[in-house]
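Below is one structure, written out as structure tokens; comments come after it.
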Amino acid sequence: HADRDWVKLSLRQPFVHEPGTQFLYNNVGPYLAGVLVQRRAGCNLAQYLNPRLFQPMGIQRPSWEIDPLDYTFGASGLFWTIDEMHQFGQLYLQNGCWEGKQLIPEEWVRASTSRQVDNGRDPYGYGYLFWRGEQNSYRMYGKYGQFSIVIPDKHAVVSTTAECRDANLLLAAVFSDIYPQL
């Protein structure tokens with residue numbers, strides 16, 4: 001059934017704008033990148049990342065959503081505890097280094113968290129799957145207020161897990177109430 005093959009569905013999506021001319025947040029690119037890794041590695045993303053990232057950080061077998069054909073949904077759906085999510089923010093604060101071992105290349109950390117494009121929402125921009133923010137921060141941003149906000153200037157990571165329909169209010173509270181105390 002055609003609706004079960006998310007790869008084909010993704011590849012059939014029309015380009016609304018000329019590539020590179022306008023920011024459009026969507027999950028197609030990260031999903032397809034995850035499919036490519038999974039096909040090349042011969043295992044799902046969690047299995048691939050387990051010895052390379054999760055185990056060295058002490059993260060125990062996280063669950064990750066899969067599509068109807070068993071491809072990991074690389075764009076989202078990774079279920080971590082708040083501690084695990086916070087650890088990932090800490091890994092980025094430490095430029096990809098964890099307990100003396102470089103788990104993510106420092107160059108990638110820098111590129112992925114730098115402004116790559118204007119996001120059309122705020123003056124901060126968007127990196128490679130990281131939202132830029134005030135006070136030179138950047139963040140992982142999950143649905144309804146799942147944040148891990150890295151604030152390099154303060155050598156801090158602030159992580160939240162919430163059910164907040166207006167996550168911008170939660171984000172504003174972090175910078176109005178928590179940031180001044182760092």
[X] side, atom [atom1]; [Y] side, atom [atom2] - distance, nearest 0.5 Å:
X	Y	atom1	atom2	result
Thr160	Tyr141	OG1	OH	9.5 Å
Cys164	Gln146	SG	CD	9.5 Å
Asp67	Thr72	CG	OG1	8.0 Å
Phe175	Glu134	CZ	CD	5.0 Å
Tyr138	Thr113	OH	OG1	4.5 Å
Ile151	Gln135	CD1	CD	8.0 Å

Same hydrophobic cluster for [X] and [Y], using side-chain heavy-atom links shorter than 4.5 Å among ILVMFWY?
X	Y	answer
Phe147	Leu169	no
Met140	Leu45	yes
Leu32	Leu69	yes
Leu49	Trp108	yes
Leu93	Tyr179	no

Is [X] reaching over with its side chain to a backbone N or O of [Y], donor-acceptor style, under 3.5 angstrom?
X	Y	result
Gln94	Leu91	no
Arg115	Arg132	no
Gln181	Asp177	yes
Gln90	Val157	no
Asn50	Leu53	no
Ser10	Trp6	yes
Gln87	Met57	yes
Asp83	His86	no
Glu84	Thr81	yes

task = In sequence, state the C-alpha distance, the side-chain angles, and the governing distance for Gln116 and Tyr128, and then conclude on side-chain hydrogen bond (donor to acceptor under 3.5 Å, both in side chains).
result = CA-CA 7 Å; Gln116 298 295 330; Tyr128 299 139; 3.2 Å; yes
request  = Report yes or no: is the cationic atom of Arg52 (NZ for Lys, CZ for Arg) closer than 6.0 Å to the six-membered ring centre of Tyr48, at no more than 45° off its axis?
outcome  =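 Judged by the rule (NZ or CZ under 6.0 Å from the ring centre, within 45° of its axis), Arg52 counts as positioned above Tyr48.
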ask   = When the ring planes of Phe73 and Tyr31 are compared, do they come out parallel, tilted or perpendicular, using 30° and 60° as the limits?
value =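 Tilted, since the angle between the ring planes falls between 30° and 60°.
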request  = Could you check Val174, Leu171, Val150 and say which one makes a side chain to side chain contact (heavy atoms under 4.5 Å, CB included) with Val158?
outcome  = Val174
Answer whether the closest heavy-atom distance between the side chains of [X] and [Y] falls below 4.5 Å.
X	Y	value
Arg61	Phe54	no
Cys97	Leu103	no
Ile149	Ser159	no

Taking all atoms of both residues into account, what is the closest heavy-atom pair of [X] and [Y], and its distance?
X	Y	answer
Pro30	Leu129	CG-CD2, 3.6 Å
Ser176	Pro180	O-CG, 3.4 Å
Gly89	Ser148	CA-OG, 3.5 Å
Val109	Gly96	CG2-N, 3.8 Å
Phe23	Asn119	CD2-O, 3.2 Å
Ala46	Pro62	CB-O, 4.3 Å

message = Between Trp80 and Phe88 (judged by ring centroids, cut-off 6.0 Å), do the two rings come close enough to count as a pair?
response =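 Ring-ring flag for Trp80/Phe88: true, centres closer than 6.0 Å.
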Ring centers of Tyr25, Trp131 separated by less than 6.0 Å = yes
inquiry  = Can you confirm whether the side chains of Glu106 and Gln102 place a donor and an acceptor under 3.5 Å from each other?
reply    =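 Checked: Glu106/Gln102 side chains show no N/O donor-acceptor pair below 3.5 Å.
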query = Between Asp118 and Arg121, is there a side-chain N and carboxylate O pair less than 4.0 Å apart?
reply = no
ask   = Between Arg165 and Glu163, is the closest basic N to carboxylate O distance under 4.0 Å?
value = yes
ask   = Hey, mind stepping through Tyr92 and Ser112 against side-chain hydrogen bond (donor to acceptor under 3.5 Å, both in side chains) and telling me if it holds?
value = CA-CA 10 Å; Tyr92 258 72; Ser112 65; 3.3 Å; yes
